[in-house]
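Here is the structure we will look at.
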Amino acid sequence: MQKKIVIVGAGVAGINAATKLVDNGYDGSLITIIDKGNDPHNRLPEEVMTGMLGAGGWSDGKLTYHTAIGGQLAKYCGEDKAMELMDQVISNFRRFHPKPEEIFCSDPVAEPDFIKPYFGLRLFPVWHIGSNYLHEIAKAWYQYLVDKGVKFMWKTTAHNISFKEQSINISTRGIRTFAPVFEKYDELIFAVGKSGIDFAQQLSDDYKLPTEPKSVQIGVRFEAPQKYFQKLIDISYDFKLYQKYENVSLRSFCTNNNAAYVAVEETYGDVTYNGHAKKGEQFRNDMTNFGILMEIKGIEDPFKWSRDVVNKLQINKTGLYYSPGLTREPGLTSEGTIVSSSKISWMGLTYVEEIFQGYFTYIKDFIDQMNKVFEFGDDWGMYIPEVKYLSPEPLVNYTNLTLTEYPNVHFVGDALSARGITVSGAHGIYVAEYLLA
Ligand SMILES: Cc1cc2nc3c(=O)[nH]c(=O)nc-3n(C[C@H](O)[C@H](O)[C@H](O)COP(=O)(O)OP(=O)(O)OC[C@H]3O[C@@H](n4cnc5c(N)ncnc54)[C@H](O)[C@@H]3O)c2cc1C
């Protein structure tokens with residue numbers, strides 16, 4: 001007998017799961033999808049995070065096609081299966097696309113010889129769906145699922161879940177009720193994405209869900225004139241250099257060119273750095289910036305460790321800026337103000353090394369080796385620190401992405417630490433295949 005499946009989140013993961021199910025004969029009337037956002041006819045373009053097709057499926061639509069990017073997938077199902085699942089996601093976008101012939105794949109060439117002795121260069125194919133078609137895709141896809149009998153509950157927020165009672169406490173915007181409303185399930189697919197991160201955290205705390213061990217992700221934001229990196233940018237605009245050691249791996253992260261600005265972020269009261277690029281000739285500054293992030297494994301409480309390091313790297317209530325021989329000054333933000341930072345000399349850098357407890361050597365080596373390839377000499381600067389605080393990832397059974405203690409609750413997509421459309425959709429399909437089997 002088929003079971004009642006409730007999917008919380010009509011994002012990329014949830015929608016791909018439902019599609020796989022009904023494509024394979026699952027009775028659509030046994031599937032309910034709850035989403036706090038709007039259906040594709042009423043969803044406004046500026047509602048970026050919530051509603052039919054979720055976040056990037058509504059506003060961007062670049063489908064990365066490699067298992068090393070976008071979050072964990074091959075870990076659960078192996079490389080070959082992961083690629084096959086990603087193919088299915090891409091084919092779903094193609095299927096509901098009004099002009100599928102306009103989808104194209106950018107597939108950069110092999111790693112150039114000038115990089116090889118020093119770095120790995122991550123080059124991966126990306127399918128470009130075309131952001132101007134996403135809303136039409138969402139409408140066609142929605143109609144298909146409705147025609148198959150799938151029930152959608154829009155503007156409906158899940159507030160709590162009783163795993164024991166197998167019921168979800170929900171409320172619908174604009175509808176007043178005098179008693180709490182519950183939706184029961186036999187199988188639950190939890191696909192709330194980034195906009196549901198607090199909800200996921202609340203469940204994790206309430207149920208004391210075991211989590212995967214996490215690594216520290218910390219480093220600096222590097223900045224230099226673009227001319228030094230042009231030969232690489234010509235091959236790969238958003239290049240990703242990487243190096244791997246035993247417990248530490250380093251990668252360049254989120255590269256910005258042409259009109260590239262360093263951004264100041266405030267996290268837990270401390271200043272950290274990031275970067276973004278602006279569009280339009282009026283913003284051009286011919287700079288390049290990117291994060292150099294270390295992933296450090298084996299630190300006992302990575303969150304506490306990172307926060308402590310970040311906190312100690314503040315002087316005068318802001319982060320630090322270092323340029324060798326003080327050759328460069330902190331740049332301007334896209335708003336035209338100087339990037340908030342306290343300038344330090346090489347002596348200050350000794351202090352930074354101390355705070356990083358030996359790990360800073362990896363970053364210095366990374367920069368030294370970049371200098372051999374790109375020959376920027378002293379014409380560069382770095383903003384310290386850049387950090388990614390990873391949210392805890394619930395521990396799941398790898399065969400069906402269920403919580404280890406609740407075998408009918410499947411976590412998928414960004415709720416399971418995915419970071420992209422293709423991987424999130426693939427999670428959904430992977431779970432659907434399990435339910436079909
Ligand atoms: C602006 C932007 C652009 C992006 N561009 C790209 C890109 O080009 N390529 C790429 O690979 N990745 C991109 N991403 C990342 C990508 O969008 C996500 O990795 C992916 O959407 C995650 O899929 P998901 O289904 O897990 O979550 P989402 O797609 O975020 O969907 C989650 C859904 O859950 C609903 N929800 C949340 N909480 C609740 C609740 N309590 N009750 C009911 N419903 C709830 C939300 O309304 C939402 O519709 C982008 C992200 C953003 C924000």
Side-chain angles (χ1 to χ4, degrees), residues 6-19 32-40 42-73 86 89-90 92-93 103 106 124-134 137-138 141-142 152-161 168-173 181 183 188-203 238 254 276 391 393 401 410-432:
V6 175
I7 302 174
V8 182
V12 189
I15 291 298
N16 274 283
T19 306
T32 300
I33 304 183
I34 298 171
D35 198 288
K36 63 182 174 184
N38 277 308
D39 69 70
N42 289 301
R43 184 175 176 183
L44 301 172
E46 58 269 30
E47 290 167 7
V48 175
M49 301 300 286
T50 59
M52 177 69 190
L53 270 195
W58 179 256
S59 58
D60 211 342
K62 291 195 280 301
L63 274 53
T64 54
Y65 187 55
H66 196 290
T67 52
I69 199 112
Q72 303 286 357
L73 178 60
M86 288 199 277
V89 178
I90 293 157
N92 277 339
F93 273 89
I103 298 177
S106 58
F124 50 88
V126 178
W127 287 93
H128 300 260
I129 302 299
S131 45
N132 44 332
Y133 290 119
L134 293 171
I137 293 172
W141 204 334
Y142 174 50
F152 283 88
M153 300 175 82
W154 297 111
K155 297 191 275 182
T156 302
T157 302
H159 298 285
N160 212 341
I161 302 176
I168 308 162
N169 174 214
I170 53 169
S171 70
T172 304
R173 241 179 306 149
V181 179
E183 186 72 20
L188 169 66
I189 301 181
F190 188 76
V192 295
K194 283 274 181 299
S195 59
I197 203 158
D198 291 345
F199 183 33
Q201 183 65 53
Q202 175 208 320
L203 288 176
D238 180 9
C254 170
H276 66 129
S391 51
E393 175 185 332
L401 311 186
H410 309 259
F411 268 55
V412 291
D414 281 8
L416 190 63
S417 295
R419 292 187 298 274
I421 296 173
T422 334
V423 169
S424 297
H427 283 175
I429 293 173
Y430 186 53
V431 167

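Numbering of ligands and ligand atoms starts at 1, following listing order.
Comparing Gly57, Gly56, Gly37 against atom 50 (C) of ligand 1, the shortest heavy-atom distance belongs to Gly56. For atom 30 (O) of ligand 1, the choice among Ala55, Gly425, Ala191 with the nearest heavy atom turns out to be Ala55. Evaluated by nearest non-hydrogen atom to atom 3 (C) of ligand 1, the leading choice among Asp60, Thr422, Val192 is Asp60.
At least one N or O atom of Ala13, backbone or side chain, sits closer than 3.5 Å to an N or O atom of ligand 1. In terms of polar-atom proximity, defined here as any N/O pair under 3.5 Å, Gly420 does make such a contact with ligand 1. Annotation: Phe199 places no N or O atom under 3.5 Å from an N or O atom of ligand 1; distance criterion only. Any N or O atom pair closer than 3.5 Å counts here, and Val8 shares no such pair with ligand 1. Close N/O approach between Val412 and ligand 1 is not found [any backbone or side-chain N/O within under 3.5 Å].
Residue Ala158 touches ligand 1 through backbone and side chain together, judged by heavy-atom distances below 4.0 Å. With a heavy-atom cut-off of 4.0 Å, Thr50 touches ligand 1 through backbone and side chain alike. Residue contacts with ligand 1 for Ser59 involve side-chain atoms from C-beta outward but no N, CA, C or O (heavy atoms, distance under 4.0 Å). Of all the heavy atoms of His427, none lies under 4.0 Å from any atom of ligand 1, so neither backbone nor side chain is involved.
Across every non-hydrogen atom of Ile33 and Ala18, the tightest pair is CD1-CB, 3.8 Å. When all heavy atoms of Ile170 and His159 are compared, the pair lying nearest together is C-CD2, 4.0 Å.
Between Ala418 and ligand 1 there is no heavy-atom distance shorter than 4.0 Å. Note on ligand 1: Gly70 sits outside its first shell, no heavy atom being nearer than 4.0 Å. A heavy-atom separation below 4.0 Å is found between Thr156 and ligand 1.
Ser417 has its side chain out of reach of Gln72: every pair of non-hydrogen atoms, C-beta onward, lies at least 4.5 Å apart. For the pair Trp154 and Asp35, the minimum side-chain heavy-atom distance is below 4.5 Å.
Exactly one residue among Val89, Asn16, Leu416 makes a side-chain contact (heavy atoms from CB on, under 4.5 Å) with His427. That residue is Leu416. Residue Asn92 forms a side-chain contact (heavy atoms from CB on, under 4.5 Å) with just one option from Ile429, Ile137, Val12, Ile15, and that option is Ile429.
Looking only at heavy atoms of the protein, atom 49 (O) of ligand 1 is closest to Asp35 OD2, 2.7 Å. Remark: minimum distance from atom 20 (C) of ligand 1 to any protein heavy atom is reached at Ser424 OG, 3.8 Å.
The ligand atoms of ligand 1 that sit less than 4.0 angstrom from a heavy atom of Gly413 are 26 (O). Within ligand 1, counting atoms from 1 as listed, the ones closer than 4.0 Å to a heavy atom of Gly61 are 8 (O). Less than 4.0 angstrom separates some heavy atom of Gly9 from each of these atoms of ligand 1: 33 (C), 34 (O), 35 (C). Short contacts between ligand 1 and Lys62, defined as distances under 4.0 Å to a heavy atom of the residue, involve ligand atoms 7 (C), 8 (O), 9 (N), 10 (C), 11 (O).
For Lys155, the NZ atom counts as loosely surrounded, since its 6.0 Å shell holds 12 or fewer non-hydrogen atoms of other residues, nucleotides or ligands.
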